[in-house]
Asks: 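To start, I am sharing the structure in question, which I have written as structure tokens.
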Amino acid sequence: MESINTLKGYDKVSDQENQIHHHSPLPKPSSRKTLIATVSIVSLLLILAVVALTAGIFTHSPPHHPPPISSASLKSICAVTRYPETCFNSLCSSSLNESNSKFDPESILELSLRLASKSISSLSMSFRSINDMPEDAAVGDCIKLYNDALSQLNDSISEIEKEKKKGGNWLTKEVIGDVKTWISAAMTDGETCSDGIEEMGTVVGNEIKKEMEIANQMMSISLAIVSQIKKLLLIFH
């Protein structure tokens, strides 16, 4: 009897479950469509959010700054000189170390003059370091000559800076003529020093000889650029 009652009890439970399932309404088709539409819209919004975030990352990333000087363009300028390799290596290296350096023939001319002035100043100090033999007049002469050469180059730089402050087309025929004259005089000083050392048989060491060579080449480079500046301006403007 217990087993029968148990089975009857089970039947009652089953009947109750059937009634529950029977009375639970199934989602209407319109409700399903609404649910699907909602899921689609949420998914689309998530995709748009991801795309916007990705675009924002690339938009606000630090801008890429090109190098201050184009290698090909600098080579074109240096091609007008007698020492294109020295010109390119010196000017390219110096421009990369200057955050405000620009690429145009006028700026390259000014930069070449500053490098020439720097090399002359260093060379003059090197000559002073070996000027411990009063009887060796050649070394003393070279100190005076390169001091004069440095003054000539600094005059060129000062003239350019003064004219640039006036604005407009500052690189006039008169300015170009003055700069050419000063550089030529500085180069003459360097050549006179070299001739004096050779004639006197003065031993100055390989390091100073190398400095003299670089200084004379840098002055030659500046002279070549200022001499061809008008042609270069037509090419690059």
Side-chain angles (χ1 to χ4, degrees), residues 61-124 146 149-191 193-194 207 209-237:
S61 59
H64 172 69
H65 296 287
I69 288 185
S70 164
S71 295
S73 299
L74 182 56
K75 284 182 179 179
S76 298
I77 293 177
C78 289
V80 304
T81 72
R82 292 177 59 189
Y83 310 100
E85 187 174 350
T86 300
C87 172
F88 178 80
N89 291 337
S90 300
L91 295 176
C92 186
S93 175
S94 181
S95 66
L96 291 175
N97 291 330
E98 296 186 13
S99 58
N100 61 341
S101 56
K102 297 186 229 177
F103 171 63
D104 54 66
E106 298 103 315
S107 297
I108 295 301
L109 169 61
E110 190 174 359
L111 180 59
S112 71
L113 283 168
R114 293 187 185 282
L115 290 176
S117 175
K118 185 178 179 180
S119 64
I120 294 295
S121 178
S122 175
L123 178 58
S124 181
Y146 277 116
L150 182 60
S151 177
Q152 303 282 358
L153 294 177
N154 287 339
D155 284 343
S156 298
I157 295 171
S158 297
E159 178 77 2
I160 290 175
E161 290 178 344
K162 182 184 74 174
E163 293 299 323
K164 282 175 67 176
K165 289 179 180 178
K166 295 179 181 178
N169 183 20
W170 60 270
L171 199 58
T172 62
K173 183 178 180 181
E174 290 74 18
V175 173
I176 293 173
D178 288 343
V179 173
K180 287 172 66 176
T181 298
W182 285 321
I183 297 174
S184 297
M187 290 182 66
T188 299
D189 288 332
E191 292 169 0
C193 170
S194 298
E207 289 186 7
K209 286 182 180 179
K210 184 63 177 177
E211 285 187 71
M212 291 174 65
E213 181 182 2
I214 293 174
N216 292 335
Q217 286 184 5
M218 290 308 303
M219 288 189 289
S220 173
I221 288 167
S222 294
L223 181 60
I225 292 175
V226 73
S227 298
Q228 300 293 325
I229 194 70
K230 289 300 183 182
K231 290 182 180 179
L232 292 172
L233 288 172
L234 291 175
I235 293 173
F236 291 94
H237 284 180

Asks: Ser112: what forms a side-chain hydrogen bond (donor to acceptor under 3.5 Å, both in side chains) with it, not counting sequence neighbours?
Replies: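 Per chain and number, Ser112 pairs via side-chain hydrogen bond (donor to acceptor under 3.5 Å, both in side chains) with Ser222.
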Asks: Could you give the distance from CD1 (Ile229) to CD1 (Ile108), rounded to the nearest 0.5 Å?
Replies: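 Taking CD1 in Ile229 and CD1 in Ile108, the distance rounds to 9.5 Å.
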Asks: What residues, two or more places apart in sequence or in another chain, satisfy salt bridge (Lys or Arg N to Asp or Glu O under 4.0 Å) together with Lys180?
Replies: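 Counting only residues at least two positions away or on another chain, Lys180 forms no salt bridge (Lys or Arg N to Asp or Glu O under 4.0 Å).
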Asks: Kindly give the heavy-atom pair with the smallest separation between Ile183 and Met219, and that separation in Å.
Replies: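 Residues Ile183 and Met219, closest heavy atoms: CG2-O, 3.4 Å.
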Asks: Sequence neighbours left out, what passes side chain to side chain contact (heavy atoms under 4.5 Å, CB included) with Ser119? Give chain and number order.
Replies: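 Expected list: Ala215, Met218.
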Asks: What heavy-atom pair brings Pro105 and Ile77 nearest, and what distance separates the two atoms?
Replies: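 So the two residues come closest at CA-CD1, 4.4 Å.
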Asks: For Thr181, what residues pass the side chain to side chain contact (heavy atoms under 4.5 Å, CB included) criterion, not counting sequence neighbours?
Replies: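 So Thr181 forms no side chain to side chain contact (heavy atoms under 4.5 Å, CB included) with any residue.
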Asks: How long is the straight-line distance from CG of Asp178 back to CD of Glu174, given to the nearest 0.5 Å?
Replies: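 Rounded to the nearest 0.5 Å, the CD-CG separation comes to 8.0 Å.
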Asks: To the nearest 0.5 Å, tell me how far Ile157 CD1 sits from Leu111 CG.
Replies: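 The CG atom of Leu111 is 10.0 Å from CD1 of Ile157, to the nearest 0.5 Å.
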Asks: Could you measure the distance from the OG atom of Ser124 to the CG atom of Leu150? Nearest 0.5 Å is fine.
Replies: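 If we round to the nearest 0.5 Å, Ser124:OG and Leu150:CG are 7.0 Å apart.
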Asks: Measure across Cys193 and Tyr146 and return the closest heavy-atom pair with its distance rounded to 0.1 Å.
Replies: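 What the structure gives for the nearest pair is SG-CE1, 3.4 Å.
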Asks: Suppose we screen for side chain to side chain contact (heavy atoms under 4.5 Å, CB included). Which residues come up paired with Glu213, at least two apart in sequence or across chains?
Replies: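 So Glu213 forms a side chain to side chain contact (heavy atoms under 4.5 Å, CB included) with Lys210, Gln217.
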Asks: Could you grab the distance from atom OG of Ser220 to atom OH of Tyr83, nearest 0.5 Å is fine?
Replies: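 Here the interatomic distance stands at 5.0 Å.
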Asks: Does Glu106 reach the side chain of Ile160, with side-chain heavy atoms less than 4.5 Å apart?
Replies: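 No. Closest side-chain heavy atoms not under 4.5 Å.
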Asks: Assess whether atom NZ of Lys231 is packed by more than 12 heavy atoms of other residues, nucleotides or ligands within 6.0 Å.
Replies: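 No, because the 6.0 Å sphere around NZ of Lys231 holds 12 heavy atoms or fewer from other groups.
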Asks: Can you spot which of Val179, Val175, Leu171 makes a side chain to side chain contact (heavy atoms under 4.5 Å, CB included) with Val226?
Replies: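 Option passing the side chain to side chain contact (heavy atoms under 4.5 Å, CB included) with Val226: Val179.
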Asks: Can you sort out the partners of Glu191 under salt bridge (Lys or Arg N to Asp or Glu O under 4.0 Å), two or more places apart, ordered by chain and number?
Replies: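 Counting only residues at least two positions away or on another chain, Glu191 forms no salt bridge (Lys or Arg N to Asp or Glu O under 4.0 Å).
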Asks: Holding to salt bridge (Lys or Arg N to Asp or Glu O under 4.0 Å), I want the full list of residues that pass it with Lys118, two or more places apart in sequence or in another chain.
Replies: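 With sequence neighbours excluded, Lys118 shows a salt bridge (Lys or Arg N to Asp or Glu O under 4.0 Å) to no residue whatsoever.
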Asks: Specify the closest pair of heavy atoms between Asn216 and Gly190, including all atoms of both residues, with the distance to one decimal.
Replies: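 Nearest heavy atoms, Asn216 then Gly190: OD1-CA, 3.9 Å.
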Asks: Closer than 3.5 angstrom, by distance alone: can the side chain of Ser90 be matched with the main-chain N or O of Thr86 as a donor-acceptor pair?
Replies: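 Judged by distance alone, yes, a pair lies under 3.5 Å.
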Asks: Could you name each residue pair satisfying salt bridge (Lys or Arg N to Asp or Glu O under 4.0 Å) that touches residues 157-171, not counting sequence neighbours?
Replies: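 The answer is Glu110-Lys164, Arg114-Glu161, Glu159-Lys162, Glu163-Lys166.
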Asks: side-chain hydrogen bond (donor to acceptor under 3.5 Å, both in side chains) with Ser184: which residues, sequence neighbours excluded?
Replies: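 For Ser184, no residue satisfies side-chain hydrogen bond (donor to acceptor under 3.5 Å, both in side chains) once neighbours in sequence are set aside.
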Asks: I'd like to check the side chain to side chain contact (heavy atoms under 4.5 Å, CB included) partners of Thr81; sequence neighbours left out, ordered by chain and number.
Replies: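 Per chain and number, Thr81 pairs via side chain to side chain contact (heavy atoms under 4.5 Å, CB included) with Pro84, Cys87, Ile221, Ala224, Ile225.
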Asks: Working to the nearest 0.5 Å, report the span between CG of Leu223 and CG of Leu113.
Replies: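 Output value for this atom pair is 9.5 Å.
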Asks: Under the side-chain hydrogen bond (donor to acceptor under 3.5 Å, both in side chains) test, which residues partner Asp155, sequence neighbours left out?
Replies: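 Not a single residue meets the side-chain hydrogen bond (donor to acceptor under 3.5 Å, both in side chains) criterion with Asp155.
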Asks: So do the side chains of Trp182 and Asn154 get within less than 4.5 Å of each other, counting heavy atoms only?
Replies: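 Side chain of Trp182 against side chain of Asn154, heavy atoms only: no contact under 4.5 Å found.
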